[in-house]
Asker: 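Pasting in a structure now, in structure tokens, and then I'll have a few things to ask.
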Number of protein chains: 2
Amino acid sequence: MSRTDYPVYLQLRDRLWDWIEDEKLSSQQKLPSERELSERFSTTRVTIRQALSQLEAEGLIFRSNRRGWFVTPERLRYDPSRDIGFTRYVTEQGFRPRTETLFKQLTEAPKWLSEATGLPEGTPVYHIFRRRYVNERGLLVEHNYINPQHCPGLLSESTDLSIWQMFKEKYNRVPDHRDIEIYPLALKGLEADSLGVNQGTAGLYIQRLSHDQEGEFLELDREYWLHDALKISVHVGGRH
Amino acid sequence: MSRTDYPVYLQLRDRLWDWIEDEKLSSQQKLPSERELSERFSTTRVTIRQALSQLEAEGLIFRSNRRGWFVTPERLRYDPSRDIGFTRYVTEQGFRPRTETLFKQLTEAPKWLSEATGLPEGTPVYHIFRRRYVNERGLLVEHNYINPQHCPGLLSESTDLSIWQMFKEKYNRVPDHRDIEIYPLALKGLEADSLGVNQGTAGLYIQRLSHDQEGEFLELDREYWLHDALKISVHVGGRH
DNA sequence: AAGTGGTCTAGACCACGTG
DNA sequence: ACGTGGTCTAGACCACTTT
């Protein structure tokens, strides 16, 4: 160990986590209030909050709005290279999925979208904004930008289920190849508000750009996940 | 906007970032001291630190040990599904790579490694721990666990270059398929210390488990990246 | 030796969520 | 209405980096 001392907030982190395990607090259960914790551990609220933030960074606890601190559930496994729907892979892992459509609209492709997809600027595209839950905790929000050529009348459909299923069944379109981007970021603005987290909460960004066999743009998907919510798992190469 | 107020530290974040852009501070340049900043913006150090932490979470600035705050360089693009070496893809993007081997040793496979790879517990494996730099900023540390069957005498080789290149040229082994895991975590202990960052700094974990054509275990790679250092970019499906 | 970031105290007020 | 988490102040000491 190259550190010379072991600061109070890290000691508190350990004691706090031991305490949580002793109390057998389980997934989604609420911790006592910060004032109560700071008394129990004989320190100030500022320091207890440092310890709580440490556990939050490690993904062991999370906070919701001004409601308090909770024990983080197990991470969801997720393979962005496959196209089975959210509902299905959540269910397969024994969790309860839920999807809420926050808005859907027909807009004109802005510059960044045109650059990413090759569509001419101003082309009409569907834009769907959804929030996804697992066991009633909102884990991500998602922007879908969809080529309306391949699925006219989408706005009248229910978008609370898998878009891919609809693509396949109703419009007979299947994605052929994907460009995927992944990186950590801070959740801000609309995305933070929609997930009920503070500005600057750690998140993970996943973007999927899908084309069909003929190289035509099908869909662009921009997902904003809570940092502690998922574990990406991908298999590449070899036989499938 | 659903928020009713706009807290001081978020206003400071904006003003601070504007100031950085005005001053044309570039990649890796140092910000003034926290005390100087808190005077310049007429607030306390605690609040200025909140603003700085916000910019840190967004990946716009980073801190190094007790040395201060710096402007974050552009993210490195990285495709974990390909097996071109670090040195090559960093150079291709116009940056200067550097690799430092912190230790290498022959050990016996512990339980978790045996479970991940299928090797019997206690099998001898090479364990290499390296730190990788881009433009003299340490971006990640990496544990390599290598099947010694396929590359006897590895410890005598220099491991500051690509392991894959050595595999191919000297031992005629090529990875066939990979299982990749990716998730955000907090950098702690050895990993945090080796990168010179605080305990709990946001990071990204990337694990690659590689097998050859005959399904034999080649290598397990566990990478701990700074959260602001990379952008993962993968292409799947279609023809290559 | 001086200055820095990291840590910690002991308060305070406010907006919001929950009863 | 109350208690909560979120924010903010004005100090302080220490270990470490830099000069």
Side-chain angles (χ1 to χ4, degrees), chain A residues 1-16 28-57 61-71 136-138 186-188 192-193 195-201, chain B residues 1-16 29-57 61-70 138 186-188 192-193 195-201:
Chain A
M1 203 69 63
S2 77
R3 293 181 303 284
T4 49
D5 58 342
Y6 199 57
V8 175
Y9 78 94
L10 286 180
Q11 298 173 35
L12 278 174
R13 185 231 93 109
D14 297 340
R15 292 170 58 199
L16 205 49
Q28 308 255 32
Q29 273 199 276
K30 192 177 182 305
L31 272 61
S33 79
E34 294 177 355
R35 286 169 177 85
E36 193 178 327
L37 287 173
S38 57
E39 273 190 38
R40 190 193 301 272
F41 291 99
S42 313
T43 182
T44 59
R45 245 185 92 206
V46 177
T47 305
I48 225 22
R49 275 171 68 84
Q50 251 187 299
L52 290 165
S53 298
Q54 176 73 22
L55 288 170
E56 181 189 33
I61 62 176
F62 69 94
R63 57 179 120 185
S64 169
N65 255 339
R66 290 162 177 274
R67 300 199 303 114
W69 297 89
F70 303 83
V71 178
E136 292 310 311
R137 180 185 176 207
L187 301 176
K188 292 172 54 184
D193 287 344
L195 287 170
V197 297
N198 288 345
Q199 298 290 310
T201 298
Chain B
M1 202 70 62
S2 78
R3 295 181 304 285
T4 48
D5 59 341
Y6 199 57
V8 175
Y9 79 93
L10 286 180
Q11 299 173 34
L12 278 175
R13 186 229 93 107
D14 296 341
R15 293 170 57 199
L16 206 48
Q29 273 201 278
K30 193 177 181 306
L31 273 61
S33 78
E34 295 177 355
R35 287 170 177 84
E36 192 178 329
L37 288 173
S38 58
E39 272 190 37
R40 190 194 300 274
F41 292 99
S42 312
T43 181
T44 59
R45 245 185 92 207
V46 177
T47 305
I48 234 358
R49 275 171 68 84
Q50 251 186 299
L52 289 165
S53 298
Q54 176 73 22
L55 288 170
E56 182 189 31
I61 62 176
F62 69 95
R63 58 178 119 184
S64 168
N65 255 339
R66 291 164 176 275
R67 301 198 304 114
W69 298 88
F70 303 83
L187 300 176
K188 292 172 53 184
D193 287 343
L195 288 171
V197 297
N198 287 346
Q199 298 290 311
T201 298

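Source: prediction; values computed, not measured. Here is how names work: the chains are called A, B, and so on, in the same order as the sequence lines, proteins then strands, and each is numbered from 1.
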Asker: Please state whether the phosphate of D:dG6, meaning OP1 or OP2, lies under 4.0 angstrom from any side-chain nitrogen or oxygen of A:Asn198.
Answerer: yes

Asker: Can you figure out which of C:dT7, D:dG5, D:dC8 approaches the side chain of A:Gln50 most closely?
Answerer: C:dT7

Asker: Given C:dC8, D:dT7, D:dG5, which nucleotide is nearest the side-chain atoms of B:Pro7?
Answerer: D:dT7

Asker: Quick one: pull up CZ in B:Arg40 and CD1 in B:Ile48 and give me the separation to the nearest 0.5 Å.
Answerer: 10.0 Å

Asker: Between D:dT18, C:dC8, C:dG5, which nucleotide gets closest to the side-chain atoms of B:Glu34?
Answerer: C:dG5

Asker: Measure from NZ or CZ of A:Arg137 to the centre of the six-membered ring of A:Phe70 and say whether it is under 6.0 Å with the direction within 45° of the ring axis.
Answerer: no

Asker: Measuring to OP1 and OP2 of C:dT18, would you say a side-chain N or O of A:Arg67 lies under 4.0 angstrom away?
Answerer: yes

Asker: Starting from C1' on C:dC13, measure out to OH on B:Tyr9 and report it in whole angstrom.
Answerer: 17 Å

Asker: In Å, rounded to the nearest 0.5 Å, how long is the span from CG of A:Leu12 to CD of A:Gln50?
Answerer: 9.5 Å

Asker: Which comes earlier along DNA chain C counting from the 5' end, the contact point of B:Leu31 or that of B:Val46, where each point is its nearest nucleotide?
Answerer: B:Leu31

Asker: B:Ser33 has a side chain; which of C:dA12, C:dT9, C:dT4 sits nearest to it?
Answerer: C:dT4

Asker: Measure the spacing between CZ of B:Arg63 and CG of B:Leu52 and express it to the nearest 0.5 Å.
Answerer: 8.0 Å

Asker: Categorize B:Arg63 for me: base, sugar-phosphate, or nothing, with a 4.0 angstrom heavy-atom threshold over every strand shown.
Answerer: sugar-phosphate

Asker: So for atom CD, which belongs to B:Glu39, do other residues, nucleotides or ligands contribute more than 12 heavy atoms lying within a distance under 6.0 Å?
Answerer: no

Asker: Could you check how far OH of A:Tyr6 sits from P of C:dT7, rounded to whole Å?
Answerer: 12 Å

Asker: A:Arg66 has an atom CZ; how far is it from atom P of D:dT4, in whole Å?
Answerer: 14 Å

Asker: Taking atom C1' of C:dT9 as reference, at what distance in whole Å does atom CZ of A:Phe41 sit?
Answerer: 19 Å

Asker: Look at the side chain of A:Arg45 against the base of C:dG11 and say whether a donor-acceptor pair falls under 3.5 Å; ignore hydrogens and angles.
Answerer: no

Asker: Measure the distance from CG on A:Leu37 to C1' on D:dG6 and round it to the nearest whole Å.
Answerer: 16 Å

Asker: Tell me which nucleotide among C:dG17, C:dT7, D:dC8 gets nearest to the side chain of A:Asn65.
Answerer: C:dG17

Asker: Kindly point out which of D:dG5, D:dT7, C:dA10 is positioned nearest to the side chain of A:Thr44?
Answerer: C:dA10

Asker: Just compare D:dG6, D:dT9, D:dT17 and give me whichever is closest to any side-chain atom of B:Thr43.
Answerer: D:dT9

Asker: Classify the side chain of A:Arg35 versus the base of D:dG5 as yes if they form a donor-acceptor pair under 3.5 Å and no if they do not.
Answerer: yes

